[in-house]
Structure formats: C-alpha cells, structure tokens
Amino acid sequence: MTSALSERAFLQLQRFFADASGIQLASGKQTLVASRLRKRVELLGLASFDAYCDHLSMPGNEDERQRAIDLLTTNETYFFREPAHFEMLSRLLRGPLSTGAIRIWSAACSTGEEPYSIAMSLADHRPDGNWEVVASDLSSRALEAARSGMFRMQRLELMPPGYLQRFCLRGTGKYAGSLLVQRALRQKVRVIAHNLLDSAAPLGRFDVIFLRNALIYFDAAKKQAILGRVIDQLLPGGLLFVGHSESLHGHRLPLQRVDKAVYRRI
C-alpha cells in the first residue's frame, strides 16, 4: 500500500508539472494528485510518492515523465461545448469564410471533441473541402484518443440534429454506446503534440483559433506569453475564441472584442 502524499513529494510534483506544462498545481490539490498517480506508483512497485519523484528525476525516464503529465492533465470536454461559439462559426462559414481556403487551430484540444465539432461545422457549410483543422495538445494520452476518433455517446448532447447520422458511425456489439467519427472527416483533422509554452510558428497561420478553457490554468505572466505566441499565428482580421469563463482583461494584445469570449486580431 502506497503511503500518503508527503508535503515534500507534492512540492516536487508541483515544480515538475509547472516546468513541463506551465500549469501551477494549487496547494489544495494534494488529494487530486495522489488519486491520479497512486495506481502508477503501485504499478511500478514503489513504496511512496517520494520514491516516485526520485524515479521521475532519473535520466532516461522521459516516457514516465510523459505518463505523469498525462495523468495530471485535465481532459474534460464534449462536442459543441459553448454552442454560441459554433453558432458564430456557422455564420462566418455562410459569410466571410464561405469561399477560399480556411485553416482553424484547436489549441489545447484535449481528447478531440472540439476539433471534430469544428470539422463537422466546416463539412456542413464548406463541402468543397478547402479547409484544414489542426488540433494540438500537451497530453499524449489525449492526443491518442483524438486520433482514434472514437467517443462515448454521452458527450454529444449539444450536437446539432443530423450531425451524428451524417458524420459518425454508431458502435455495435462491444462498441455499443460509442461513436466513431467518419474516416473522411478524421483525415481532415491533423492531430499534433504541442506545448502552449513553445513557439507555434511551425504550425503556420490561421483564420480562426480556438483557445478555450486552457488559459484559466496559467498565471498572468504565462497567460500573456501564451496569448502572444498564439496571436502571432492568427491572420490579421482572424478570430480568437476563448472560454466563456476566461477574461483577457488587463492583457495588452492586438485584439478587438467582437462578442462574448470572441476577439478579432487588429
């Protein structure tokens, strides 16, 4: 039985996760951290979280460090989350984005529900296929789920009528209760590993960027740095969508607010 998470181990894990992701685990998160890592510690046959911290710091244990990042990363999402944003995207696709090539970035995409929601909207309004969705995240576990395109049926309460039949396959037998995004749509979503703390220049530039419900995990300085890197990849006049609970107040940015949690690059 693994011993309780010590203060020393928690502080080490705080530093490790902050260095890797830029996210500072709050001091009240000891129970959460212990619950997410306990099985991993026991699977490795280690007697304590302190021993696990020592294991993480050893040279050559990059795979274990990535597992720890995956386990500590929150990946809660669902299809067409914050539907007002997708209503606006549909209006754009019927208006200024109705012609020409379109590139949209789903940053911090988690397990993939957001980029596939974007792809369904694009396929509906732009059947010419002259578009691309780039989906990125820090967590390799989340990216694996996104690449699979398979999801639980419970995550689609907000999906527009008819989209399930048009763009997904219902699971049967052992896959009952699941859906699979159609292959043609999966092939239009490029899923890649990317840390928001790193330059996004290799991803190219975009007409629309979704950076939703990620900024809340960062302090003001890191949030400013992340926004700067992301906005660098937004074309002039392009739109940035952030989470409805997130505020850009106090940040000096080349953005103009056009709607709730929607900003245009000046």
Q | Beyond-backbone contact of I104 with I209, side-chain heavy atoms, under 4.5 angstrom | A |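 A side-chain contact is absent here, since even the closest heavy-atom pair is not under 4.5 Å.
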
Q) Going only through I, L, V, M, F, W and Y residues with side-chain contacts under 4.5 Å, is there a path from V242 to L92? A)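 No, it is not one cluster - the side chains of V242 and L92 are not joined through contacts under 4.5 Å.
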
Q) Under a 4.0 Å N-O cut-off, is there an ion pair linking E114 with R212? A)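 Salt bridge between E114 and R212, a charged N being under 4.0 Å from a carboxylate O: yes.
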
Without placing hydrogens or testing angles, list every side-chain donor-acceptor pair under 3.5 Å for residues 15-29, not counting sequence neighbours.
unit_1	atom_1	unit_2	atom_2	d
S21	OG	F17	O	2.7
S21	OG	I23	N	3.1

**Q.** Worked verdict on N61 versus L56 for side-chain contact (heavy atoms from CB on, under 4.5 Å)
**A.** CA-CA 6 Å; N61 281 352; L56 286 178; over 6 Å; no

Q. Is the backbone of G149 close enough, under 3.5 Å, to the side chain of R186 for a donor and an acceptor to pair up by distance?
A. no

Q) Does L169 belong to the same Ile/Leu/Val/Met/Phe/Trp/Tyr cluster as M120, with side-chain heavy atoms less than 4.5 Å apart forming each link? A)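 They do not share one cluster, since no chain of ILVMFWY contacts under 4.5 Å joins L169 to M120.
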
Q | Qualifying salt bridge (charged side-chain N to carboxylate O under 4.0 Å, His left out) pairs with a residue from residues 90-103, counting only residues at least two apart or across chains | A | R103-E132

Q) Does the side chain of L255 reach to within under 4.5 Å of the side chain of I266, using non-hydrogen atoms? A) no

Q. How long is the gap from CG on L240 to CG on L227, to the nearest 0.5 Å?
A. 7.0 Å

**Q.** Matching residue for L215 among L196, L248, V230 - test: side chain to side chain contact (heavy atoms under 4.5 Å, CB included)
**A.**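 One option only clears the test, and that one is L248.
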
Q) Roughly how far, to the nearest 0.5 Å, is OG of S140 from CZ of R147? A)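 The distance works out to 9.0 Å.
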
Q | Closest contact, heavy atoms only, R126 versus I102 | A |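 Nearest heavy atoms, R126 then I102: NH1-CD1, 3.0 Å.
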
Q) Hey, is the main chain of G243 close enough, under 3.5 Å, to the side chain of E246 for a donor-acceptor pair? A) yes

(Q) Quick check: closest heavy atoms across R65 and S57, and the distance to 0.1 Å? (A)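 Here R65 and S57 meet closest at NH1-C, 4.1 Å.
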
Q.
Donor-acceptor pair, distance only, cut-off 3.5 Å: does the side chain of S199 make one with the backbone of A201?
A. yes

(Q) Test of understanding: with ring-ring contact (aromatic ring centres under 6.0 Å, His included), list the residues that count as partners of Y78, not counting sequence neighbours. (A)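 Partners of Y78 by the ring-ring contact (aromatic ring centres under 6.0 Å, His included) criterion come out as none, since no residue qualifies.
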
(Q) Ring-plane angle category for H85 and H244, please: parallel below 30°, perpendicular beyond 60°, tilted otherwise. (A)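 Rings of H85 and H244: parallel, as their planes differ by under 30°.
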
Q.
With heavy-atom distances below 4.5 Å as the criterion, would you say the side chains of L37 and L72 are in contact?
A.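 They are in side-chain contact.
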
**Q.** Salt-bridge present (R8, D54; N to O < 4.0 Å)
**A.** yes

Q) If two hydrophobic side chains count as joined below 4.5 Å and joins carry through other members, does I118 share a cluster with W105? A)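 No; tracing contacts between hydrophobic side chains, which count when under 4.5 Å, never links both residues.
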
Q | Which atom of S6 lies closest to which atom of A9, heavy atoms considered | A | OG-N, 3.1 Å

Q) Do M150 and Y175 have side-chain heavy atoms sitting under 4.5 Å apart? A) yes

Q.
So, taking the atom named CZ in F80 and the one named CG in L89, what distance separates them when rounded to the nearest 0.5 Å?
A.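 Here the interatomic distance stands at 9.0 Å.
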
Q. Do S139 and I69 have side chains that get closer than 4.5 Å, going by heavy atoms?
A.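 Answer no - side chains too far apart.
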
Q | R141/L71 under side-chain contact (heavy atoms from CB on, under 4.5 Å): CA gap, chis, key distance, verdict | A | CA-CA 8 Å; R141 182 177 61 171; L71 291 169; 3.7 Å; yes

Q: Would you check if there is a donor-acceptor pair between the side chains of H125 and S98 at a distance under 3.5 Å?
A: no

Q) In terms of the angle between their ring planes, are F151 and Y116 parallel, tilted or perpendicular, with boundaries placed at 30° and 60°? A)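 Because their plane-to-plane angle is over 60°, the rings of F151 and Y116 count as perpendicular.
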
(Q) Main chain of A135, side chain of S106: is a donor-acceptor contact present, judged purely on distance under 3.5 Å? (A) no

Q.
Using 0.5 Å steps for rounding, measure from the CG atom of D63 to the CD atom of Q66.
A.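 Answer for the CG-CD pair, D63 versus Q66, is 8.5 Å.
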
Q. Taking it one step at a time, do I226 and F218 satisfy side-chain contact (heavy atoms from CB on, under 4.5 Å)?
A. CA-CA 9 Å; I226 289 168; F218 299 93; 3.7 Å; yes

Q.
Which heavy atom of S148 sits nearest to which heavy atom of A145, and what is that distance?
A. OG-O, 2.7 Å

Q: Looking only at non-hydrogen atoms, find the nearest pair between I216 and S245 and report the distance.
A: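 Scanning both residues completely, I find the closest heavy atoms to be CG2-OG, 4.3 Å.
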
Q. In Å and rounded to the nearest 0.5 Å, what is the NE2 to CG distance from H55 to D50?
A.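 Between atom NE2 of H55 and atom CG of D50 there are 14.5 Å.
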
(Q) Testing D137, I192, L138 one by one against L143 for a side chain to side chain contact (heavy atoms under 4.5 Å, CB included), which residue passes? (A)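 The passing option is D137.
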
**Q.** Verdict with reasoning, E82 to N213, per side-chain contact (heavy atoms from CB on, under 4.5 Å)
**A.** CA-CA 10 Å; E82 298 178 350; N213 306 299; 3.6 Å; yes

Q.
Could you tell me if the side chain of E42 sits less than 4.5 Å from the side chain of R38, heavy atoms only?
A.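 They are in contact (side-chain heavy atoms under 4.5 Å apart), so the answer is yes.
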
(Q) Which heavy atom of A119 sits nearest to which heavy atom of V189, and what is that distance? (A)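 Residues A119 and V189, closest heavy atoms: CB-CG2, 3.8 Å.
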
Q) If you round to the nearest 0.5 Å, how far is CG of L122 from OG of S117? A) 11.0 Å

Q. Would you say the side chain of L11 lies within less than 4.5 Å of the side chain of Q14, judging by non-hydrogen atoms?
A.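 Heavy-atom side-chain distance check passes, below 4.5 Å.
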
Q) Does one hydrophobic cluster hold both L239 and L235, with members joined at side-chain heavy-atom distances below 4.5 Å? A)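 L239 and L235: separate clusters.
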
Q: State plainly whether one hydrophobic cluster holds both M88 and W131, where clusters connect Ile, Leu, Val, Met, Phe, Trp and Tyr through side-chain heavy atoms under 4.5 angstrom apart.
A: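 Yes; W131 is reachable from M88 via cluster members.
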
(Q) Out of the candidates F86, F210, Y263, only one should pair with F241 under the ring pair (Phe, Tyr, Trp, His ring centres under 6.0 Å) rule; please name it. (A)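 So, applying the ring pair (Phe, Tyr, Trp, His ring centres under 6.0 Å) to F241 and each of F86, F210, Y263, only F210 qualifies.
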
Q. When you check the gap from the basic side-chain N to the acidic O, do D124 and R166 get nearer than 4.0 Å?
A. yes

Q | Side-chain donor/acceptor of R265 to backbone N/O of L234, under 3.5 Å | A | yes

Q) Quick check: does any side chain N or O of D259 sit under 3.5 Å from a backbone N or O of V262, one acting as donor and the other as acceptor? A) no

(Q) If the test is side chain to side chain donor-acceptor pair (under 3.5 Å), which one of R40, E64, Q12 qualifies with Y52? (A) E64

Q: Report yes if some heavy atom in the side chain of L180 is under 4.5 Å from a heavy atom in the side chain of C168; otherwise report no.
A: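 Heavy-atom side-chain distance check fails, nothing below 4.5 Å.
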
Q) Counting distance only, does the side-chain N/O of K188 pair as donor-acceptor with the main-chain N or O of V133 below 3.5 Å? A) no

Q.
Using the rule given for salt bridge (Lys or Arg N to Asp or Glu O under 4.0 Å), can you reason through R67 versus D70, listing the C-alpha separation, both sets of side-chain angles and the distance that settles it, and then say yes or no?
A. CA-CA 5 Å; R67 287 192 188 95; D70 290 346; over 6 Å; no

